[in-house]
Engineer: 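If you scroll down you'll find the structure; I have some questions about it.
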Amino acid sequence: MDKKQIYPQNIENLFKKINYIIDNEQNIEKIKNLIKWKEWYESLNYKFEYVCEDNEFLKAYYDNNKYALQIWYHGTKVDSIVFNLVANYYSEYDNEITEVIE
């Protein structure tokens with residue numbers, strides 16, 4: 001995978017990464033969670049307009065029916081979450097542009 005796929009900065013590249021993982025992953029639970037996340041995201045009336053800055057990338061979050069599309073920062077030593085763009089729950093990672101859709 002190239003850097004665009006590992007650190008996707010647009011929704012199309014995030015979906016390519018997710019599809020790649022689904023096709024190549026051996027952990028059935030991870031595959032199921034990614035499929036559920038895709039179904040959740042596709043069911044939204046969310047128009048992706050955010051432009052990632054340098055070293056920012058998109059990440060799908062899923063845990064016990066909590067889903068979010070997150071912005072992460074790719075650092076030299078560690079990657080860290082910046083904020084949620086859209087989520088179906090309230091979180092400490094929400095900010096003024098986060099859309100919470102319950």
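Below, all heavy atoms of this structure are taken into account, side chains as well, without hydrogens, waters or symmetry copies.
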Engineer: Are Y46 and Y41 side-chain neighbours, meaning at least one heavy-atom pair lies under 4.5 Å?
Structural biologist: yes
Engineer: Kindly say whether S91 contributes a backbone atom to a donor-acceptor pair with the side chain of D94 at under 3.5 angstrom?
Structural biologist: yes
Engineer: Could you report the tightest heavy-atom contact between P8 and L14, atom names first, then the distance?
Structural biologist: CB-N, 3.4 Å
Engineer: Could you check whether any side-chain heavy atom of F83 comes within less than 4.5 Å of a side-chain heavy atom of Q70, counting everything from C-beta outward?
Structural biologist: no
Engineer: Any non-hydrogen side-chain atom of I97 less than 4.5 Å from a side-chain atom of Y50?
Structural biologist: yes
Engineer: Mind checking whether Y62 and L34 have side chains closer than 4.5 Å, heavy atoms only?
Structural biologist: yes
Engineer: Can you find a pair of side-chain heavy atoms, one from N10 and one from C52, that are under 4.5 Å apart?
Structural biologist: no
Engineer: Any side-chain donor paired with an acceptor under 3.5 Å for H74 and D79?
Structural biologist: yes
Engineer: Can you confirm whether I22 sits close enough to I31 that some side-chain heavy atom of one is under 4.5 Å from a side-chain heavy atom of the other?
Structural biologist: yes
Engineer: Would you kindly confirm whether Y90 and Y93 end up in one hydrophobic cluster when ILVMFWY residues are joined by side chain heavy atoms under 4.5 Å apart?
Structural biologist: no
Engineer: With heavy-atom distances below 4.5 Å as the criterion, would you say the side chains of T98 and L85 are in contact?
Structural biologist: no
Engineer: Please name the pair of heavy atoms, one in K66 and one in N88, separated by the smallest distance, quoted to 0.1 Å.
Structural biologist: CA-OD1, 3.4 Å
Engineer: Is the shortest heavy-atom distance from the side chain of L69 to the side chain of L58 under 4.5 Å?
Structural biologist: yes
Engineer: Could you grab the distance from atom CD of E39 to atom CG of L44, nearest 0.5 Å is fine?
Structural biologist: 12.0 Å
Engineer: Are W37 and I35 connected into the same hydrophobic cluster when the rule is that any two of I, L, V, M, F, W, Y join if their side-chain heavy atoms are below 4.5 Å apart?
Structural biologist: yes
Engineer: For a quick test of reading the model, state the closest non-hydrogen atom pair linking W72 to I81 and the distance between them.
Structural biologist: CE3-N, 3.5 Å
Engineer: I'd like to know if the side chain of E42 pairs up with that of W40 as donor and acceptor (distance under 3.5 Å, no hydrogens or angles considered).
Structural biologist: no
Engineer: Using a distance-only test with no angle check, is there a side-chain donor-acceptor pair under 3.5 angstrom linking N65 and K36?
Structural biologist: no
Engineer: Is it true that atom OH of Y61 has more than 12 heavy atoms of other residues, nucleotides or ligands lying nearer than 6.0 Å?
Structural biologist: yes
Engineer: Mind listing the closest non-hydrogen atom pair of N84 and N95 along with its distance?
Structural biologist: O-OD1, 4.4 Å
Engineer: Quick one: pull up CG in N45 and CD in E99 and give me the separation to the nearest 0.5 Å.
Structural biologist: 10.0 Å
Engineer: Is the count of non-hydrogen atoms from other residues, nucleotides or ligands lying under 6.0 Å from D54 atom CG greater than 12?
Structural biologist: no
Engineer: How many angstroms lie between atom CG of N27 and atom NZ of K32, to the nearest 0.5 angstrom?
Structural biologist: 10.0 Å
Engineer: Under a 3.5 Å distance rule, please check whether N13 uses its side chain to pair with a backbone N or O of Q9 as donor and acceptor.
Structural biologist: no
Engineer: Hey, could you give me the CG/CD distance between N24 and Q26, rounded to the nearest 0.5 Å?
Structural biologist: 9.5 Å
Engineer: Got more than 12 heavy atoms from elsewhere within 6.0 Å of CG, N64?
Structural biologist: no
Engineer: Please determine, by modelled atom types, if E53 and Y73 share a side-chain donor-acceptor pair under 3.5 angstrom.
Structural biologist: no
